[in-house]
There are 2 protein chains.
Amino acid sequence: MESKPNIQDVARLADVSIATVSRVINNQGGVRKATEERILKAIKELGYIRSAAARTMKRKETKTIGVIVPDIKNPFFPLVMAGIEQKAREKDYFTILSSTNESPIIEEKIVKNFIERGVDGVIITTANEDGEHLKLLREQNIPVVAVDRSIRSFEVDTVLVDNIQGSYQAVQHLILQGHRKIAIICGPQNTTPGFERFLGYKKALEDYNIPLDDRYVVQGDFGEYSGNIATKQLSELEERPTAIFSSNNLMTIGCMKALNELNWGLGYEVSFVGFDDVDIATFLNPKLTVVARPMNTVGEIAFMFLHDRINFKDDIPKRKYSIPPELIIRHSCRLINR
Amino acid sequence: MESKPNIQDVARLADVSIATVSRVINNQGGVRKATEERILKAIKELGYIRSAAARTMKRKETKTIGVIVPDIKNPFFPLVMAGIEQKAREKDYFTILSSTNESPIIEEKIVKNFIERGVDGVIITTANEDGEHLKLLREQNIPVVAVDRSIRSFEVDTVLVDNIQGSYQAVQHLILQGHRKIAIICGPQNTTPGFERFLGYKKALEDYNIPLDDRYVVQGDFGEYSGNIATKQLSELEERPTAIFSSNNLMTIGCMKALNELNWGLGYEVSFVGFDDVDIATFLNPKLTVVARPMNTVGEIAFMFLHDRINFKDDIPKRKYSIPPELIIRHSCRLINR
DNA sequence: ATGAAAGCGCTAACAA
DNA sequence: TTGTTAGCGCTTTCAT
């Protein structure tokens, strides 16, 4: 095992030229059976593995895509990643993953490193939607797909989850169960998800001719505590809502704690739907109905977009895909009589 | 933006030789200030990024380490990964991650691909502790660090979490609070973690002269349902335990559900410690005391081992590191009077 | 301080 | 069916 064997060593051992060896390791055919076997044997004997670096230099492609996420510890991303990897493997692509810790500085370094490595494309949830720091990708003409967050400074294929439709579905579900006094615990209205999820709520009420009641719209900040407070606020209304829609997972948790503290009966006294599934959802009794984002699908579509872009470059127009979230009906909503 | 600029293009534009450009981009010094600036300007102007592939061919190193995990969706691994990445970045290494879905077949492919790419080392939680499918790494003399699961077929540096000590700590905590009737919900005894966690339980009892009572040892399979059943089994004892130790996270959840169903008062009627932290731990009332594994530290140490191994190859003996888990004391254990 | 030139291991065009 | 050979873009030694 002196030093790594190369194609020369194999050729020598099999007593052929390197070109023939190359043909064999690339399955290009046109090699006599006997020769091929001799080569295969030599490869095995030497433990030869071809160098991707050398190959890349000729081929100008690496069959590798880079994935950049802001926080690998957030369970959303590993799930998306799983979807990407699965599709990538089907198409014989490999995936390299880096996490930026929400830092655009680190993100830029990663991008540069990915380019050095010659990734064929990049899937990114950027730490900064401005995207100024991503210009390198544009300049190098490297295909990019944005996931969950868009990029403003240049056009790329984008895969988002449809917030409006998601909260619409949630609220509609409540309405169809007979609820009219439906409260929403909002996220910050200056963020896209916060605002859009409120929009979906509003739209559902409008479509079913239910007037928007300001008392039932309480503000939160996507944090657990705010969900807790908001719920208590709702409980103090003389006319309590019969249903609550929470705009995100953390506030859902705060809300559950409040319901518990207040002895406000989940499911029978007040129905509930939350945006985003949470671990505790099936642990609670009754189990929580939620709007879940299909992370796996997000990843799959992201890869498919990227794959198309790698193969067709600028021949196809940039695409945007809004994935409808999925309403997972469990047991936290009850039919009520009006 | 015709095609990617190379070192030639830069040299031409800056009117120097490629050797000088190389010196600049590698900070090797010995270049006149003025020349350097001209080169830097040219680099910027062209948007030049050097090819890692070409560089690797000469240098025989990639400053890249490969990480292989069995299931990226299991939150344990992203947390370990975060620790690895952090340390790696400090040392100017990059990290590429792949998930095997617990399949040794896929694992072998990934290993091969990593070798093709010339990773300087590999950190792996293997899908099959036999490790026969990992021989390639040994043959190519590529440094390997095993994490959380050992590799039997050849010797590598290993980072494990000390299961015995972890459960010992948990049970000791219970004993020190005055408990003597301490039950354990075991994991499968034919798995290392399952067996070792039982060993720690046994050892703690021995050390404090508490006889092992078979009625308090119930078998589970690391699944939620088995934790549920086991707890119910314990509740039927004429002399109920005053404390329960659960050997893993899922069984903890099952146990909690059972406690709830049985109206068996967590904290005051029965104390509880679980192995591994769970999301619901702080959501419950009282909050759960658990033995938590310091994933981040696991990752950090794994990288440090690998880094040493990359630099010193076989000059240092193989190391094994058992990280003590951490007892996180919350409120699910109460002092009792004997 | 700078340049010329020899590879690194591979693929692919061309020849035989 | 097989072989010869010219690069791919870079680093590095040896001259200058």
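These numbers were taken from a predicted model, which means no experiment stands behind them. By convention in this document, chain letters (A, B, ...) are assigned in the order of the sequence lines, proteins followed by strands, and residues within each chain are numbered from 1.
- Proximity of a side-chain donor or acceptor of B:Ser322 to a complementary backbone N or O of B:Val161 within less than 3.5 Å is not detected.
- For the pair B:Thr100 (side chain) and B:Ile106 (backbone), a donor-acceptor distance under 3.5 Å is absent.
- Using modelled atom types, one side-chain atom of B:Lys60 and one backbone atom of B:Met57 make a donor-acceptor pair closer than 3.5 Å.
- Taking 4.0 angstrom as the limit, B:Asn6 places none of its side-chain polar atoms (N or O) nearer than this to OP1 or OP2 of D:dC8.
- Using a distance-only test at 3.5 Å, with no hydrogens or angles considered, a donor-acceptor pair links the side chain of B:Asp9 to the main chain of B:Asn6.
- Rounding to whole angstrom units, CD of residue B:Glu116 and P of C:dG9 are separated by 15 Å.
- Salt bridge annotation for A:Glu45-A:Arg38: absent, with no cationic side-chain nitrogen under 4.0 angstrom from a carboxylate oxygen.
- The only member of A:Arg50, A:Lys4, A:Arg55 that meets salt bridge (charged side-chain N to carboxylate O under 4.0 Å, His left out) when paired with B:Glu116 is A:Arg50.
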Which atoms of nucleotides 13-16 of chain D (N or O only) lie under 3.5 Å from a protein N or O atom, and what are those distances?
none

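- If you check residues 47-63 of chain B against DNA chain C, the residues with a heavy atom closer than 4.0 Å are B:Met57, B:Lys58, B:Lys60, listed by number.
- Across the protein-nucleic acid pair, B:Lys4 atom NZ and D:dC10 atom P stand 10 Å apart, rounded to whole Å.
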Q: Report the C-alpha separation of B:Arg149 and B:Ile124 in whole Å, then their side-chain angles, then the decisive distance to 0.1 Å, and conclude whether the side-chain contact (heavy atoms from CB on, under 4.5 Å) test is met.
A: CA-CA 8 Å; B:Arg149 302 183 190 172; B:Ile124 183 169; over 6 Å; no

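- Regarding contacts with the backbone of C:dT2, every side-chain N or O of B:Ser17 stays at 4.0 angstrom or more from both OP1 and OP2.
- Atom pair A:Glu36:CD and D:dT2:P shows a separation of 10 Å (rounding to whole Å applied).
- Distance B:Ile18 CD1 to C:dG3 C1': 9 Å, rounded to the nearest Å.
- In this structure, A:Glu132 does not pair ionically with A:Arg138, as no charged nitrogen and carboxylate oxygen lie closer than 4.0 Å.
- Between B:Ser22 and the phosphate of D:dT11, there is a side-chain N or O to OP1/OP2 separation shorter than 4.0 Å.
- Residue A:Gln8 places none of its side-chain N or O atoms closer than 4.0 Å to OP1 or OP2 of C:dC8.
- Checking the phosphate oxygens (OP1, OP2) of C:dT11, no side-chain nitrogen or oxygen of A:Gln28 falls inside 4.0 Å.
- Here the options are B:Asp315, B:Asp157, B:Asp314, the test is side chain to side chain donor-acceptor pair (under 3.5 Å), and the partner is B:Arg309; only B:Asp157 passes.
- B:Ile25 comes within contact range of the sugar-phosphate backbone alone, with a heavy-atom separation under 4.0 Å but no base atom that close.
- Distance B:Glu37 CD to C:dA1 C1': 15 Å, rounded to the nearest Å.
- Here the C1' atom of nucleotide D:dT11 and the CD1 atom of B:Ile7 are 8 Å apart, to the nearest Å.
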